[in-house]
Amino acid sequence: MLKHNLGFPRIGEQRELKKACESYWNGKIDSVKLFEIGKKIRIENWNIQKHYGIDLIPCNDFSFYDHVLDMSFLIGSIPDSYFNLKFKNDIDLYFSMARGYQKHKFDIKAMEMTKWFNTNYHYIVPIFTKNQKFFIYSKKLFNEIKELNNIVDSTDKIKPVLIGPVTYLSLGKEKDNTFHKMDLIENIVSVYIEIINKLLNKGIKWIQLDEPILSMDLYDKEKEAFQYAYKKIYNYFSLSDVKIILTSYFDGILDNLSIIKNFNEYITAIHIDLVEDPNQLKDVLSFIKDSKTILSMGIVNGRNIWKNRYNDTIDKIKKAIFSIGKDRIMIAPSCSLIHIPIDLDKENNIHLDIKERMSFAKQKIKELNDIEKILEGDRNILLKNSFLIKKLENSTIIHNKEVKLRSDNISNKYIQRKNDFSIRQKKQKEKFNFPLFPTTTIGSLPQTKELRDIRNKFKNKKISEKEYVKKIKSFIIYAIKKQEEIGLDVLVHGEFERTDMVEYFSEKLNGILSTDYGWVQSYGSRCVKPPVIYGDVSRIGDMTTDWICFAQSNTNKFIKGMLTGPVTIIKWSFVRDDQPIYKTSYQIAFAIRDEVLSLEKLGINIIQIDEPALREGLPLKRKNWKYYFSWSIKSFRISSSGVKDETQIHTHMCYSEFNDIIKQISDLDADVITIESARSNMELLKNFSDFYYPNEIGPGVYDIHSPRIPSVMEIYDLIKKAANFLYKENIWINPDCGLKTRKWNEVLDSIKNMVKATKIARKELS
Ligand code: GLN
Ligand code: ZN
């Protein structure tokens, strides 16, 4: 029974990679130094895995920016616009694709970035041209094999990791619509064959081909591509001793077993995610039973930070042993460990009872070792593990009767506004008396260096709370003055007290903790530190009211209260594993509901509950959407429905492809939804109009991701377009998203133009 790992975090225990890359970009270190730091991280990672007896150690899982971009680089899938810049050093070409290039006479944008399946990791989207040929371009893969070879004593232990050809193509985009990306399968398979050949020549036997799209609903073209690719590779290498492990993760593969059936014989091992879908084990086992295929069991959760429950795991493994024999089984984490932090041992501020239940990447690797020992008869490890799990069942740090009582008894009155939208809208129109096309922003305003310094100083106790509050208030006053001058209708306080929209709330809630070093790569050098939801969640006290009421006391205009919604808090945190997700979500929803009611009681009449993660958290398989929406929509409604008819609830989502889920969006029953739509030129509003979306909508009228100032006329044109799709009286005018990443001058100029454009629209379109 081999133990293997699919991938190890590459940011370094102290985020060395982030610091190194940023220093390199700022010209503070040269590429030699950058490479040295990269190598040091790899060697540390490999040594950890070697230390815990991992039999197949992954290689090429390291990346200076992104592993999909690495794949593009490996097979020469490099758009001409970057290639033609003729960099002397390949790493500069690589970074130009990731980050764009703006120097001398050049001004080339970065390649597009998007979410890696349903995770919070972002990859660089490959771009394909018709009949594109692929060829081995980068030597990174081969260099890393050489390095790892110096650490392990045999090439049998080295397992290069590559994204499989079908998933790689499916992640990319065609440059134009003259062809389908899957048409490139023949061309791309030839380069894979070349790569595998080269690996074989270096003595490599095991190769991991990641094909996570197997856990999604596949199109025929993708299915055919699978057939073609793996048959071809098999035919080429059938006489060699190459061993292909086909890995899928993030969900089950049962729906695609039929396509695998035919190529089952072409691969040596198949890896399945038994954490996301434990139920697939039985069918997969009977499916491969009569073949020689090895089953790699993904049994250690690669996406969450809880200790493995050894009892359950051993059960599963024993079932598999019984069915296909020990020799045909491998064990591994469910997916690459890049989605969790590196080392729990570093954390000194977590309650010990909780910490002893947690496990980061390094600890997960050790778990594989533990599991092996248990199978060999070590009862102590098993007993200790069961004891820890039992111990928490009665822990008062985790369980709170009152909280449970409330979230376990949700009657209709908790998920229903008092009256329908049509009645609420009338009352709200009377009360607020806004002009046609009311203007607002999404919440955050520029986070300057000065502001971040103040927050840091306060966090490190270098300034007193009094001083801190005074400083933040001065930012709020400035923000209000500017918004009033520009003439916005609904103002925001600016979110200056928040580093991150989830972290801020998690710090103010019982049952959620923050780690000190629990960083996870989000994209490139950007890392996030997801909070850990470990117990029943409730409010310690009011979370936002002081700031919002202070803002309101400084203006006669309406201030919009600003909260993060329950689904987003869940999706951007590590969630407890001892109860179904919906229960955790309802508890958070009640905490937000309490905050909404506190705000309302203190005279705040407009409250926004942000849910940017609702759309992006959609399960990979359509059949799982129903369950997801059942708890997510209910959660939003719990948090938002306690208010009076006259209190206006806003929500905001960035990624706004709502084609398939417009009904569910309307089920949220927010009075106003603000969405991102400038980049699609309002095209996605078509869904709202086709569906007769009943409530008010603020389609974003300019893209906030770019420093560019939109002109009055282009905004006006977008408003005009929006008015073609939507009922005029329902339209709000706002940017695409929050403005925290922009500079003040950019924000002020853009918003001024937005308000000017709105004024023209009020005249022209009323
Ligand atoms: N209110 C948040 C902000 O303005 C919303 C952020 C988001 O949509 N991701 O920053
Ligand atoms: Zn947004």
Side-chain angles (χ1 to χ4, degrees), residues 113-115 120 122 439-448 451-452 455 475-476 479-480 482-483 488 490-506 522-523 526 528 530-531 543-544 547-548 551 559-573 592 595-596 599 604 606-617 636 639-640 648-658 665 668 670 672-680 684 697-706 732-744 746-747 750-751 754:
M113 190 167 69
T114 196
K115 291 227 165 202
N120 233 335
H122 304 67
T439 52
T440 188
T441 59
I442 306 302
S444 62
L445 291 170
Q447 298 249 333
T448 55
L451 173 61
R452 279 194 296 267
R455 271 200 317 255
F475 275 96
I476 295 179
I480 288 180
K482 288 295 167 195
Q483 293 174 84
L488 285 159
V490 173
L491 313 193
V492 296
H493 80 298
E495 301 180 27
F496 302 115
E497 74 285 12
R498 305 177 194 179
T499 316
D500 174 275
M501 63 188 287
V502 169
E503 186 186 46
Y504 180 80
F505 289 92
S506 64
S522 167
Y523 66 89
R526 282 285 195 108
V528 293
M543 304 187 279
T544 62
W547 301 121
I548 304 293
I559 289 278
K560 180 161 66 163
M562 199 53 63
L563 304 172
T564 301
V567 186
T568 299
I569 293 181
I570 288 261
K571 284 279 155 190
W572 292 352
S573 301
I592 301 296
E595 185 71 13
V596 168
L599 285 166
I604 304 301
I606 302 180
I607 299 163
Q608 177 170 313
I609 305 172
D610 287 322
E611 283 291 19
L614 187 107
R615 169 65 182 77
E616 57 178 49
F636 183 84
S639 64
S640 59
Q648 191 169 62
I649 296 287
H650 288 220
T651 189
H652 166 72
M653 281 165 217
C654 324
Y655 185 60
S656 312
E657 266 183 32
F658 294 142
I665 298 297
L668 296 174
V672 181
I673 182 171
T674 55
I675 57 174
E676 177 188 313
S677 50
R679 278 197 287 191
S680 85
L684 49 88
I697 309 176
V701 293
Y702 76 89
D703 175 15
I704 56 92
H705 299 96
S706 141
W732 284 68
I733 306 298
N734 45 263
D736 265 351
C737 189
L739 301 165
K740 65 196 270 188
T741 56
R742 298 269 61 91
K743 300 205 170 76
W744 267 111
E746 293 161 5
V747 166
S750 303
I751 299 288
M754 184 181 94

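When a ligand or atom number is given, it counts from 1 through the structure's own listing order.
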(request) Answer yes or no: is there a side-chain heavy-atom contact under 4.5 Å between Phe505 and Ile569? (result) yes
(request) Can you list, by chain and residue number, the protein N, O or S atoms under 2.8 Å from the Zn ion (ligand 2)? (result) His652 NE2, Cys654 SG, Cys737 SG
(message) Just verifying a value: how many Å separate Lys560 NZ and His652 NE2, rounded to the nearest 0.5 Å?
(response) 9.0 Å
(message) Can you confirm whether Thr674 sits close enough to Ile442 that some side-chain heavy atom of one is under 4.5 Å from a side-chain heavy atom of the other?
(response) yes
(request) Could you grab the distance from atom OG1 of Thr651 to atom CD1 of Ile665, nearest 0.5 Å is fine? (result) 8.5 Å
(request) Dump the intermediate steps for side chain to side chain contact (heavy atoms under 4.5 Å, CB included) on Gln447 and Arg455, then the final yes or no. (result) CA-CA 11 Å; Gln447 298 249 333; Arg455 271 200 317 255; 2.7 Å; yes
(request) Would you check ligand 1 and list the protein residues that come within less than 4.0 Å of it by any heavy atom, ordered by chain and number? (result) Ile442, Gly443, Ser444, Glu495, Met501, Met562, Asp610, Pro612, His652, Cys654, Cys737, Gly738
(request) State, with a plain yes or no, whether a side-chain heavy atom of Gln608 is found less than 4.5 Å away from one of Val492. (result) no
(request) Apply ring-ring contact (aromatic ring centres under 6.0 Å, His included) to His650 and list each qualifying residue two or more places apart in sequence or on a separate chain. (result) Trp732
(request) Could I get the full list of side-chain contact (heavy atoms from CB on, under 4.5 Å) partners for Pro735, not counting sequence neighbours? (result) Thr441, Tyr702, Ile704, Leu739, Ile751, Met754
(request) Kindly compute the distance separating OG1 (Thr741) from CD (Glu746), expressed to the nearest 0.5 Å. (result) 8.5 Å
